[in-house]
Amino acid sequence: MSSPYVEAARRQGPPESGSSPPPSAGEAGEPDVRASPDGRWLWLPLGTLLAGLLLTALLAFGAAAQYRSNENRLLKLRVRDAGSLLTAAIPDVQSSLASAAELAAATNGNVQRFRAFVMPLVGTGAGHQFVSASLWRLSRAQRGPLTIVGVTPKLAAGSTASAFLTAAARSPGLGVIGLLQRPDPRLGFAFGYAGSSGGFIAYGESALPSNRRSPIQSSSSFAGLNYALYLGSSRRPQELLLSSVSHLPLAGRHAAETVPFGNSALTLVMSPRQPLSGTLAHNLPWIIAIAGVLITLAFAAAAATVTRRRRDAERLAGENRRLYSEQRGIAQTLQHALLPDRLPDIAGVQTSAVYRPGAIEADIGGDWYDVIALEDQRVLVVVGDVCGRGLRAATTMASLRFAIRGYAAQDDPPATILTKLSDLINISEEGQLATVLCALFDVRRHEITVASAGHLPPLLITDGHGEYLHSEVGLPVGVEVGASYATTTVLAPPSATFLAYTDGLVELRDEPIDDGLTRLRDAALASDSDLPDLLHELVDGLRHEPSADDIAILGLRWRN
Amino acid sequence: MAELEAEVLASQDGTAIVAVRGELDIATVDQLAAVVAPLLDTKPARLVFEAEQLHFADSSGIALWVMWAAAVEELQINNPPQLLRRVITTMGLAGKIHLTP
C-alpha cells in the first residue's frame, strides 16, 4: 500500500516554502467501500429459489410420469386377466349345449330326451345357466323351435333366427347373439351340427340384468375397478352387456381388451376406481412437490440471511476502514501539533527536518525534534525518541520537548538539560524511557557541543568526508534520577552539515546497527542536494517498507 | 510477524533465569512482561536472561529490561547476539544491563 504519509518538513528560509498543511482526515485515498447496491444481494437467494423450484418441478413431473406409466401397465394387465376369465366361461355353456345338440342328433330330435337333459340347466335362480332352452331343427328354423324349456326365447322364429342358427351350426364353436332390447335383455347361445341329416340345434338364453348393472364384488381381485362389457368388438351403447357403473362410456384412465366369445367377441373396458399402485405412488408427485417447495424456501431463506449478513459485514468493514482512516488522520494531526510548526530563522545556518510516521499510522510515535534559537547566534538542536508508541509516548514526548525549551531559556548547557530531564520521568513509575540528543551550536565560532542520553551519534559531513560524533553516551532519560552526562565539543568546518536522527532511519532487524550507520553516511556523502532535499532523499532511500518505527531526521548546515 | 518465546528456566536462591528466543519488539513486549512479572513478585536479587537466540530487541524491549534492572540488584543478559549488544551499548545502558560475556 503506498500510504500517503505526513511529512512535517520544516524548512528554514522564505515562509512560503515553509510548513506543509496538516493532513486532512479524509484524504487517505481508501476505496470508498460501501455495501453493494440494494438488490444485488438478492441474486443468491433468488437463484437458489429458482433452481430449487425447477428441480422440484422436474422431480414431481418425473414421479407423475412414472406413476402414469405404472398405472397404465397395471391396468392393462388387469384387463387382460379379466378377459381371460371371460373366455374361460365359454366352455361351460358350450359343453351343455353341445351335449344337448348331440343328444338330439342321436335321438333324431327326441323332444322328451332333450327336455329331460336341459331341465336342470334352466331356471331363474343363480345356479342356472339359462332362463330358456329350446331345440330347433335347422331346416325348419323359421317355423320356431321344436320344444321350449323355461320362458319363451326372445329369438323369435323367422329369418333372423334362421340366419343366426345356420351360422352357429356351421361354426365349429358356440354361436352367440345379443338380444339386448329392453326390457329383459338376454344373450343367446346356439350349438348344432349342420352336417348331420336334418341338423338339430340346441339353443339357450341367459338373462342379463335389465339395467345391465352388475357391480364387482368387493372381495374380488377386480374390486378396485369399474368395467363395461360389450358384445362384439365395438363399444356402442346398444351392445352393452354389463357394467358396474351407470354412466358410460368410462371416463379417465381406461384400457380395453377384446377377447373371442364363441363366434362373436367380447370387449371389456376397465377403469381404476383407485390407484392400482397404491395411494403413496399416487400422492408421491404431490409429496415431492410440496416437500421440494418447502425445502427450497428454507434454503432460499438461509441464503438470504447469509447474503444479508455478509452485506452487513461488508458495510461494517467499510465503516471500520473509514473510521480507521479518520483515526489515522486524527493521530497524524496530533503528531503534527506536537512537533514544531516551523523552525526558527537563524542567521548563518539553514535548518530542516522531516518526520515520517511508521507503518501503524493510527498509532502515534514518540520521536521528536526541536530547534531553539538562543542569544548570541547560538542554536540548541534536539532529537529524541520516547520508547513505545501511542498517546502515552506522545504526551511524554511533548512534556520532554517543552521542558527542554524551558531549560534552554535558562541557558542550561546540554549536559545539565539531560540531567534535569532525568528527574522528569522515571521508568520504574511510568515504564518509559527516552533517548535524547542535545547539540548546542555556536554559529559564529563553528562550535558544536553534544550531549547524548543513550541516543544514536549525530553525523557531521564536510567536503566529501563524513564522521559520526562519538561522544560519551550517557543513560537514557528515565533510567536513573540525577544521571550525569558528558559533553563533547567539536569544531565544525565551513559549510559543514550536521544530521541527527532517530533509530527508525538506520535500524534493521537483521543487521548490526553499525551497518545502518554506514549506509546513512554513504548515502549522505553521495548526495549534493540542498538540505531539505537531502533529508527527503535519506528517508526515502534508507527506509525499508514496511517500517513499524517512525523516523525523525533533523539537519543543520552552515551557509557559506 | 515477529514472534517471541519466553520460558522460565529456574527461579531459586534469589536468582531467576528466563530463556528468550525470537524477536522482542513493541508487538511482543507484553508477552515477555507476562512471563517475568510473577518472578518479580518473588523479589529475586538477580534476573538473568538467556538471550543467545534473541535475534532482535527494539527500544521497547530495552526499556522493559531497564525497568526490571531498577527492580532487582542485578540484571544480566547471557550470550547476547552482537546486534543486541551493540544496541545496549549504543544506548549507554551497559552499566545498567550486565552483558555476559
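Per chain, numbering begins at 1; letters A, B, ... match sequence-line order. Keep in mind it's a predicted model, so treat the numbers as computed, not measured.
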Query raised in the report: CH2/B:W65 to CG/A:L433 distance, rounded to the nearest 0.5 angstrom?
Result: 13.0 Å
Query raised in the report: Side chains of B:V66 and A:P476: does their closest heavy-atom pair fall under 4.5 Å?
Result: no
Requested in this report: Anything in residues 478-489 of chain A with a heavy-atom distance to chain B below 4.5 Å? Please list those residues in order.
Outcome: A:V479, A:E480
Report task. Counting only heavy atoms closer than 4.5 Å, note whether A:E507 contacts chain B via side chain, backbone, both or neither. Result -> side chain
**Report entry** Heavy-atom pair of closest approach, residues A:L475 and B:G92
**Finding:** CD2-O, 3.3 Å
Query raised in the report: For the atom pair SG (A:C387) and CG (B:L64), what is the distance rounded to the nearest 0.5 Å?
Result: 10.5 Å
Report task. With chain A as the partner chain, list the residues of residues 71-91 of chain B whose heavy atoms fall under 4.5 Å from it, by residue number, and write 'none' if nothing qualifies. Result -> B:L83, B:R86, B:V87, B:T90, B:M91
Query - Toward chain B, the part of A:D503 with a non-hydrogen atom under 4.5 Å - result: side chain
Query raised in the report: Should we count CD of A:E511 as having more than 12 external heavy atoms under 6.0 Å?
Result: yes
Report summary line: Counting heavy-atom pairs under 4.5 Å with chain B, the top scorer among A:L456, A:D385, A:V473, A:I427 is A:I427
Report task. Please determine, among A:P512, A:P457, A:A453, the option with the most heavy-atom pairs under 4.5 Å with chain B. Result -> A:P512
